Amino acid sequence: MVFGATELLPGDAVSAVAGPSATEAERAAVRERLGLDRDPVTRYLEWAGGALRGDLGTGYTGGRSVTELIADRLPNSLLLAGLALAVALPASVALGLLAGARAGRRADRAVSTGVLLVAGLPEFVLAALLLWLLAARTGLLPQVSLVPLGGTPLDAPEILVLPVLTLAVSGVAVGTRLVRSASAEVAASPWVEAARLRGITGPRLAARHVLPGALAPAAQALGLMTGALVGGAVVVETVFGYPGIGLELQQAVAHRDIPLVQGIALVLCAVTLATVLLADVAARALDPRRGSPR
Amino acid sequence: MSVPTTATALAEVDDLVVTRRTDGEPVLDGVSLTLRAGEVLAMVGRSGSGKTTLALSLLGRVREGLTPRSGTVRVAGLDPFTSEGRSRVRRRLVGFLGQDPASALNPARRLGSTLHEAAALTAPRGRGAAGRAERERRVRAALTEMDLPTDPGFLRRYPHQVSGGQAQRVALAVATIGEPRLLVLDEPTSGLDPSLAEDLAARLSARHRRAGGAMLLVSHDRLLTETLADRTLGIEGGRLGPPRRPAPSRRPPPRRRAEPASSGAPLLELAHLRATHGRHVAVEGVSLTVAAGGCTALVGPSGAGKSTVARCLLGLHGSWSGELRLAGSALPTDFRRRTGEQRRALQLVAQDSVGALNPRESVRGALLRPLAASGNGSEEEAARLLERVGLSPALLGRLPHDLSGGERQRVNLARALAARPRVLLCDEVTSALDGETRDAVLELLRELRHAQGLGVLLITHDWEVRATADQVVTLVDGRMVDAEREAAEDGASR
Amino acid sequence: GPALLTGCGSGEESPARSDGKPRRGGTLRAAFTGAGAGETLNHFVGGTALDMVRARALHATLGDLDPSAPDGVRYGVLETIEVNGELSAYTLRLRRGLTFSDGSALTARDVLWSLRSPAEDPASLPVYKNPAATFDFAGARVENDHTLVLPTLAPVADGRLLLCQGNYLVVKENSDFSPEVATSGPFRLEEFVPGEGCALVRNEEFTHPELSDAPYLDGLELRSLPDSEARAAALTGGQVDFAHDLSPVTARTLGEDERFTLTSTSPPYVSGLFFRMNLAHEPFRDNRVRTAFKLAADREAMVESVFFGDATVGNDLLSPGFPDYADEIEQRPFDPDRARRLLREAGAEGMRVTLTTGPETPGMVEVATLYVENLVAVGVDATLEELPAGQLFADYPAYTRLPLAASFSVPTPALPLYQMSYGGQNPAALGWDRPDVDELVATARGTSGEESARAGLAAQRALWEEGNTIAPVFKPFTTAHVPGISGVAEDLFEQFPGFSRATLS
Amino acid sequence: MRRPSPDPRGSGGPGVLTWCCAAVCLLVLSVALLGPLLASGSPTEQVGPPLAAPGAGHPLGTDVLGRDVAARVLHGGWVVLVLAVGATTLATLLGAGGGLWLGLAAEHGGEWVMRAVDVLAVFPPLLLMLLLATGAPDSDAAVLVAVGLAATPFSLRVVRAATRRVAATGYVVTARARGDGWPAVVRHDVLPNVAGTVLADAGIRFVAAVHLTATAGFLGLGRGAPSANWGRMIRENLPGAPLNPLPVLVPAALLAAFAVAVNLLADRLAEHLADPDITRSGA
Ligand SMILES: Nc1ncnc2c1ncn2[C@@H]1O[C@H](COP(=O)(O)OP(=O)(O)OP(=O)(O)O)[C@@H](O)[C@H]1O
Ligand SMILES: Nc1ncnc2c1ncn2[C@@H]1O[C@H](COP(=O)(O)OP(=O)(O)OP(=O)(O)O)[C@@H](O)[C@H]1O
Ligand SMILES: [Mg+2]
Ligand SMILES: [Mg+2]
């Protein structure tokens, strides 16, 4: 599917490689070199075969192996998404529970409205805002995520703060709402009512009584959110110049580097699919009633 | 205004008025009550008379849709309607068991963790290993007291993996584990067979009195109130008064011989039922019949497998085998493969009356749907059905959670009847009803049996209900115990 | 060096300290547009600014353009280029004693390989193939280690300008462009991370043709940041000292900041923003319509609004500032009334046309936006279609069918640029097919002196009068840097800075 | 006699916040929909120097090309709103429909369909948008469909999960066993009980749709350059924000306010649909 989709992208790498002023002969030569003169079915079979073997072909620009290239970038993105998740997950669970367990009360209104306000800002505005607040005005943090040459982002943790924060904040906004709606429902159930009548209140009520019931539905949605984090970092990575897979995808699309687009899309799909499946499994494990309908 | 607290008064309710928010109707109409330490007070009254409302007010709780208008409540001198008072009252002073204990257990938590938490919450602040050992001991003790298994396997189960009566006893254990000074129990034994109930009650009260605790017991089970209570108060229309009926005798009433309704061919035949819950065989080798116009009682101790049998008959149970015939023609084991006609022919009134009602559907909607399916979807018909089960047509606009426990149960019954079944399966349909209302319901069933040839399968613990059956099948541990002899003993054999 | 840069901040400080000697030492960090993780060290295939700058730091050039020098060029590894009387063979002589970073000698064979191998590699960028259109590499002779003779395919007068444009660099023969390969430039590679940047250190083996102790910098860190905003942010955040190619608005905002010095290139190192009328599109066959379209453009307003005044008004000709540019031709005025009249005469009043553009280079969409407003003002039913980034030229055959399309140029001398993109029925010319003009250009390039000048002027006048290109604006390349950096301006190839003379204070 | 329990939540009925939200919604909607009629000047005409501060004639100053920000704001709303509302409707309809079906048909290969949907869901929205938008360049409808499709799998999953929860309840099983067909069960039992989830989800989708539409501007998809569009305006003028922040702030504020208000309203509506008493229980 990824292959088919990218095939449909108008234009081809020929112009990107050969340059706008190339002659027809030059273009034909490039086309032949890239193997674009053969029919799509053959190319698909080759590509799919290669993909199965872990070989995603060679990028048009620069001619590096796509697999190698993704291996360069993916860890950075995973790190970013992982850190963002590590911040966003507990925060959205905590906030979502706080709001959901007291649905309709003042705490809920405050959290929900606040979360909505943040969620209401497009990601690049949020990024710009954080940038302005934490970096440009105060100079506390670097504005651009320049990874030390030859090192990993972890060698300069300060460059991770802003991208992670941006991703996490928008993740929290979505996550909180999902957890809230799940836990509000549970909070209204007779068993939570019974727990209240036993004098259980506050964090204990939320964590021990509301959460277990809310986790299963929330896990589903949070799984999707995770997938979106990995792939959706395009904007954040562009704004901060963070060398991740999202930035790479954007550039590859702009350069019509089809093998690279295909490779990245495939890897993104795989990562997202994995998280979604994981979430499904988690949801199943967390819901005792699954599989044994009453 | 407040009444001076005497040293002995543990709980005091003074002139409490609770009204419905929508129409201002009082549900409690100037109730005053004093409960002394060490006293057991029983509260009896018709379904919908306000018992649960009063019991909850001791915990500072008023259900949504009701509002307290005036009056005061004090428990050990604290006002449970203030937030500090509430948390202290609920945490340390009062243990509460609600009317629908099955739905009070968190379906996502294991029984063990609920019990441990209750033990920990009320334990003297012991932390660490010693604390844990103490908690375990108390949990075990509570389970033993409730006649429940104490093996870790049982504690690891989820609420939906135990029977209705077992769930009720777990909930009772949760309420009593902290040995609170005041126990408020709302129909604590409705799902238990009488001998177990009596046994349990005796143990409970012995321990409780020893510890000097007071108890407010809401029950229509006269046997129970008689055994336990020092004092019985009646409640009627939200006002307290002396109990309406004099305390009845301790003995179960003489079993009335049920007149055989019809002796035609059995309407419903079940043979060689075998049902499993995972690897555990819940029911095996059960055969029973229900005659047209007849009534078969399915009895047995809690956890015997009665509800499982009912669910199998309906085709809801996932893994079962056996032969099932309705009026001579075979019924598929899975309801999905039954025709609409076949499905309508069998109707279940489920044991868990909360779970069986759509929380967002009014009584009217719940009744009109099956009525429409059976061809008479008028509002009058719905109102008539409600009246037949002893409910006011005013209830039509209500949502399930605005109903009292008994009312809910009867709405369930009305809904099942609305589908015009040929066989009605009643799983503890009278457990939350007072004697009077129960008799009315039984009378209704009898009438339907005669008039329409309705076959009834009654799952019950109640001797009096059982007595209306013309056949009795007893289950113990998932197996039939000599049904013939039992039946003969009852004098109900054909 | 020539005054290629106009300072608009505090200006360039003198490269010399009070004692007359430039300061040695320091590491300069600079940000450029780069490619993604697919980036390689092979600059023959990578055309980003970063590729160019990195290549010029790593490899020595044959020579750079310098209009003030006697030959019009300033030599790098070369001592001289001699041309025979028939303009049919060029002899390149290398300086003595040149070595690569590993100490091996730099010979004429390396020079030949560096010119020839990209021409033969289909993957390399068109610009590196250009010499092959002029010189006959098959007939090239390496006379000795220091002498290379290149015969031409046809007589050519400007062969020196062609070879010494600043982008023909000397790479070790048969190089595979791996990070370990020895290089000849002012710096050598220390660390290379594709898509992120590279770290370079001074190449002690390098000898500068003019300055004995250059390069002065100890190290150079070149970072890849594709987004103009990000480059500016890295500069203001102190993460880099030098930010290349800023968008007009970014430049304007940075200009208000006293901490930075802003420099913009001036002609010839400016990039043209063009609108090209497709002659396959009926109304444009009529030269009155073409002229009307040229007259309709409010060039001053474009310069003011899009570039805050920091750009050059174009005259519908290619490559202002280069020696072959015809500045004798008068500036075309903004005359909407005449445009309207011409359109009426041509019967093209209310003609419908869609201008297709894309964010391929900063300012392109904005200029097109204003131009469409201009067209509407003279009674053309014009609409704008903006394609997503990367799409305008992606489907080139489709591009050549657009009625009115935006495009841009990189700094290249006017006549070679004409030959590359307009001559010989090139599809990129959008229907411009004038053998007579092609002939004139060929003459101008193949002769010298008066004759060449006359032919060049005639060709450009034809283009001005009848051409299908509206060239309203030439935009500069704007860079910003922290004060204390100097010597960058003296080593500039087109818009790409070189750091062989740069110092840091 | 004092009331034993001060009612913690006050009386029912819409609160101040709800009214505020409604007011904000109305305001933004009227700006967006009536704006083109109210605006005096042209949104594309150059009226002054770029990024000029507010002054006479142009109360919000000028944008990056010297166009009147006020006129552009007035003209630029309806596209975003129509796109976002349309895409949300599309996603919600598809998501709710599919989710209900999949949630109920869990046994009959529904699992497999879900896997297929998952594969769709993980397809990068960026690529999806590029594809659809390049198939029909310069078209807002393509963006609408793309945004809608990108959001659908998410909705579908959430609704499906909710449906499965409801489908396992006693009352659904009872109704099915009673002989009620799926249509009746869905209408009476499932829909009312998942309506809250669907609405809350639609709220999230809406915000996401506003973002995606704005991002479509970021990627240069949909109606191109001269057209005013709040998402586009933000992006166009972001680099110039230090000179005149209004062309960024005003559309961003309008977008955010609208997204928030719509969401809060959706929440309230969900609550009321569900039944105010159920969701607001608490001791
Ligand atoms: N989902 C389940 N998984 C495992 N065991 C179960 C499950 N449901 C019920 N059981 C067990 O099966 C047995 C029979 O349960 P059933 O509900 O039929 O009892 P019952 O006779 O109706 O009891 P009661 O009178 O208490 O309602 C019990 O021991 C119960 O613990
Ligand atoms: N949330 C509510 N909103 C409105 N009316 C209610 C609500 N809860 C209960 N009622 C009504 O209040 C009355 C008293 O209810 P209550 O639950 O106290 O009865 P009860 O005595 O416990 O009855 P039962 O024996 O059937 O459980 C009933 O008529 C019931 O319909
Ligand atoms: Mg009750
Ligand atoms: Mg049972």
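Here is how names work: the chains are called A, B, and so on, in the same order as the sequence lines, proteins then strands, and each is numbered from 1. Note that the structure is a prediction, hence the values are computed from the model and not measured.
- Of the possible donor and acceptor atoms, one in the side chain of B:S32 sits under 3.5 Å from a partner among the backbone N and O of B:D15.
- For B:A419, the part lying under 4.5 angstrom from a heavy atom of chain D is the side chain only.
- In this structure, a donor-acceptor pair under 3.5 Å is present between the side chains of D:Y171 and D:N193.
- Of the atoms belonging to D:V190, not a single heavy atom falls under 4.5 Å from chain B.
- Note on B:R338, B:Q347, B:R343: by heavy-atom pairs under 4.5 Å with chain D, the leading option is B:R343.
- Of the listed residues (B:A416, B:A356, B:G340), the one with the most heavy-atom contacts under 4.5 Å to chain D is B:A356.
- The residue among B:R369, B:R344, B:E361 with the most heavy atom pairs within less than 4.5 Å of chain D is B:R369.
- Checking side-chain atoms of B:Q409 against main-chain N and O of B:E428 turns up a donor-acceptor pair under 3.5 Å.
- Geometrically, D:R176 engages D:W182 in a cation-pi contact defined by less than 6.0 Å to the ring centre and at most 45° from the axis.
- With chain D as partner, the option from B:P421, B:P370, B:S83, B:A372 having the largest number of non-hydrogen pairs under 4.5 angstrom is B:P370.
- Side chains of B:T53 and B:R63: a donor on one and an acceptor on the other come within 3.5 Å.
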